[in-house]
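Accompanying notes for the structure given below.
Every value quoted in this text rests on a predicted model; they were computed, and no experiment measured them. Here is the naming used below: chain letters follow the sequence lines, and residue numbers restart at 1 for every chain.
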Number of protein chains: 2
Amino acid sequence: MEKDTSTELKIKEAATRVFIAKGFNGCTSREIAKEAGMNVALVNYYFKSKSHLFEIVIASVIEKFAESLFEVFKSELPLVSKVRVFIEKEYDFLGKHPEIASFLINELSKQEANFFQCVGFSDAMKDAKIEAQVKEAQEKGEMRKINLVNIILLLMSNTNFPFIARPMIQSIHSINDENYKTHLILHKQYVIDMLINYLFPNSKEF
Amino acid sequence: MEKDTSTELKIKEAATRVFIAKGFNGCTSREIAKEAGMNVALVNYYFKSKSHLFEIVIASVIEKFAESLFEVFKSELPLVSKVRVFIEKEYDFLGKHPEIASFLINELSKQEANFFQCVGFSDAMKDAKIEAQVKEAQEKGEMRKINLVNIILLLMSNTNFPFIARPMIQSIHSINDENYKTHLILHKQYVIDMLINYLFPNSKEF
DNA sequence: CTAATTTTTAAACGCTTGTTTAATTTTTTT
DNA sequence: AAAAAAATTAAACAAGCGTTTAAAAATTAG
């Protein structure tokens, strides 16, 4: 009884694709099976139910999503650089997987479980000692004195929203995919300038 | 044959509540009927199908959502004030109806129809002559020279995301509703300061 | 008041859903 | 090669879905 049968993995990958594209309620078990190229019963043979499979998928998506985030937070860079690199990495990541941000936000607002706690997000946050680094920079007067929650909110708002709201924004302005991508490239730099300028009023990084 | 029977309105209002809370795929016709306190068949008697009812609901939600936005854009205020008032109004509106932003973004990314065009959003944008006002301010050197699409993106990112991503952010930081609300109140002012400072580098409004 | 019309209901329609069963094929073990 | 175990399948299950029908109740018209 192998742990990661090729079949098991195929189902998980197919499920990830389908769940991200259509959401938990927007797809069926049979659709996932078909995407994996196999019988419906196999989905419940390897993962006992659609819900259980979904929990596994969303946990691994969160992990993937959080990975690049912590890579930056745990690094030895000064805070100003961390902010810049974080934004750059987020735009890179979401440029490649634009549906992930919407997927997580959509499903997390419907599902009741605290998946981020399951993945140990809070603990990883403390491990990264980012709170201490912020406090230090604020006491030195290098950084604007605002709460870490607000800092994360500013960072995530300006990195995630442009990808989440893409269909809405394109609809509002009647612009196509190509055109929107062009705006996104410029937007990344605007966001970097704006945030560094706001969070580090005396910085020369921009 | 009255147009807006009390029954018809009750169904539409119930449907709006249910659709916003659970999304199109997350709820059933029977659920909507129950919420309205009546038989399932009545839903299809007044609105011919679940999809048709949904289209009507989402169009009216968009209208409500866009209303306060254009109220500001069409006003005679100088641009700097428009930005500040827009942010304040958005925080007020989303504070009262926090689920609307997520609802629109979720459903617009799944549905294929361009609902914003149906509502005449683009035209209203031109009517408001905001593009001309921006161009003028930029030529006078009062405003940073960035595209209107990016300006709207900055505004919406920082107003909508904190409400859309609330479940995720609370999950990440392990904080409760009360606590998050406190952060939101502060956040509004941070966003106003940051955006005005960035968009109008020479302004004295902050 | 009666007849016509509109509104509301209960029940059923065929279809799809998530899940399970039992049989079959494939693989592993001995 | 035979027996045991695991993987895969087709078929079925009950439950729920969106929608329709046909009859009952309520309202309006003449």
Side-chain angles (χ1 to χ4, degrees), chain A residues 1-61 103 106-108 110-113 115, chain B residues 1-61 103 106-108 110-113 115:
Chain A
M1 203 217 291
E2 299 270 339
K3 192 67 233 251
D4 254 4
T5 322
S6 130
T7 314
E8 194 177 344
L9 200 68
K10 267 187 207 161
I11 295 174
K12 195 188 159 187
E13 287 172 345
T16 306
R17 267 175 273 134
V18 176
F19 278 141
I20 286 181
K22 308 201 167 186
F24 180 77
N25 288 320
C27 71
T28 69
S29 305
R30 280 168 180 82
E31 198 174 348
I32 293 170
K34 198 178 177 185
E35 170 82 17
M38 48 195 55
N39 195 285
V40 207
L42 272 185
V43 173
N44 286 348
Y45 176 75
Y46 285 102
F47 308 87
K48 60 185 184 183
S49 69
K50 188 192 176 189
S51 320
H52 185 235
L53 173 56
F54 180 76
E55 281 176 27
I56 290 171
V57 166
I58 201 169
S60 88
V61 171
F103 170 70
N106 291 355
E107 301 299 326
L108 280 170
K110 261 122 205 173
Q111 240 71 21
E112 69 296 335
F115 286 105
Chain B
M1 202 217 291
E2 300 270 338
K3 191 68 233 246
D4 254 3
T5 323
S6 131
T7 315
E8 194 177 344
L9 200 69
K10 266 186 208 161
I11 295 174
K12 194 187 158 187
E13 288 171 344
T16 306
R17 266 175 273 133
V18 176
F19 278 141
I20 286 181
K22 307 200 169 188
F24 180 76
N25 288 319
C27 72
T28 70
S29 305
R30 282 167 179 83
E31 197 175 348
I32 293 170
K34 200 179 178 185
E35 171 81 18
M38 48 196 54
N39 195 285
V40 206
L42 272 185
V43 174
N44 286 349
Y45 176 75
Y46 284 102
F47 309 86
K48 60 184 182 182
S49 69
K50 188 193 176 188
S51 319
H52 185 235
L53 173 55
F54 180 76
E55 281 176 26
I56 290 171
V57 165
I58 202 170
S60 89
V61 171
F103 170 69
N106 290 355
E107 301 299 328
L108 281 171
K110 261 124 205 173
Q111 239 71 21
E112 70 296 335
F115 285 106

Protein-nucleotide distance ([X], atom [atom1]; [N], atom [atom2]), rounded to Å:
X: A/Y46; N: D/dA6; atom1: OH; atom2: P; value: 11 Å
X: B/L53; N: D/dT19; atom1: CG; atom2: C1'; value: 14 Å
X: B/K50; N: D/dC17; atom1: NZ; atom2: C1'; value: 9 Å
X: A/F47; N: C/dT20; atom1: CZ; atom2: C1'; value: 18 Å
X: B/H52; N: D/dT20; atom1: NE2; atom2: P; value: 13 Å
X: B/E55; N: D/dG18; atom1: CD; atom2: C1'; value: 16 Å

Exercise. For D/dT19, does OP1 or OP2 lie under 4.0 Å from any side-chain N or O of B/Y45?
Worked result: no

Exercise. Would you say A/T7 reaches D/dA7's phosphate, i.e. side-chain N/O to OP1/OP2 under 4.0 Å?
Worked result: no

For this session: Begin with the C-alpha distance, continue with both residues' side-chain angles, and end with the deciding distance and a verdict on side-chain contact (heavy atoms from CB on, under 4.5 Å) for A/F103 and A/I58.
Result: CA-CA 9 Å; A/F103 170 70; A/I58 201 169; 4.0 Å; yes

Problem set entry | side chain to side chain contact (heavy atoms under 4.5 Å, CB included) involving B/E31 - partner list, sequence neighbours excluded | B/V18, B/K22, B/C27, B/T28

Problem set entry | Nearest-nucleotide comparison on DNA chain D, the residue closer to the 5′ end among B/N44 and A/G37 | A/G37

Problem set entry | Side chain proximity check, A/Y46 to A/K12, heavy atoms < 4.5 angstrom | no

Exercise. Base, sugar-phosphate alone, or nothing: which one does B/S49 contact when heavy atoms must sit under 4.0 Å apart?
Worked result: sugar-phosphate

Exercise. Base, sugar-phosphate, or nothing for B/V43, non-hydrogen atoms under 4.0 angstrom?
Worked result: nothing

Exercise. With sequence neighbours left out, what residues match A/R30 under salt bridge (charged side-chain N to carboxylate O under 4.0 Å, His left out)?
Worked result: none

Exercise. Who passes salt bridge (charged side-chain N to carboxylate O under 4.0 Å, His left out) against B/K34, sequence neighbours left out?
Worked result: none

For this session: Return the residues of residues 13-29 of chain B meeting this criterion: a heavy atom under 4.0 Å from some atom of DNA chain D. Order them by number, or give none.
Result: B/C27, B/T28, B/S29

Problem set entry | Considering all heavy atoms, the nearest B/I11-B/L42 contact | CD1-O, 3.8 Å

Problem set entry | For A/G23 against A/E107, the heavy-atom pair lying closest together | CA-OE2, 3.1 Å

For this session: Ignoring hydrogens and angles, answer whether the base of D/dG18 and the side-chain atoms of B/R30 contain a donor-acceptor pair closer than 3.5 Å.
Result: yes

For this session: Could you tell me the separation between the CG atom of A/N39 and the OG1 atom of A/T7, rounded to the nearest 0.5 Å?
Result: 12.0 Å

For this session: Keeping to residues at least two apart or across chains, list the salt bridge (charged side-chain N to carboxylate O under 4.0 Å, His left out) pairs with something in residues 45-54 of chain B.
Result: none

[options]: which one has an atom nearest the side-chain heavy atoms of [X]?
X: A/A41; options: C/dT9, D/dA7, C/dT21; answer: C/dT21
X: A/N39; options: D/dT8, C/dT7, D/dA10; answer: D/dA10
X: A/M38; options: D/dT9, D/dT20, C/dT8; answer: D/dT9
X: A/L42; options: D/dA6, D/dT9, C/dG18; answer: D/dT9

Exercise. Angle, rounded to 10°, between the helical axes spanning five pairs at each terminus of the helix from C/dC1-D/dG30 to C/dT30-D/dA1?
Worked result: 0°

For this session: Tell me whether the centres of the aromatic rings in A/F54 and A/F19 are closer together than 6.0 Å.
Result: yes

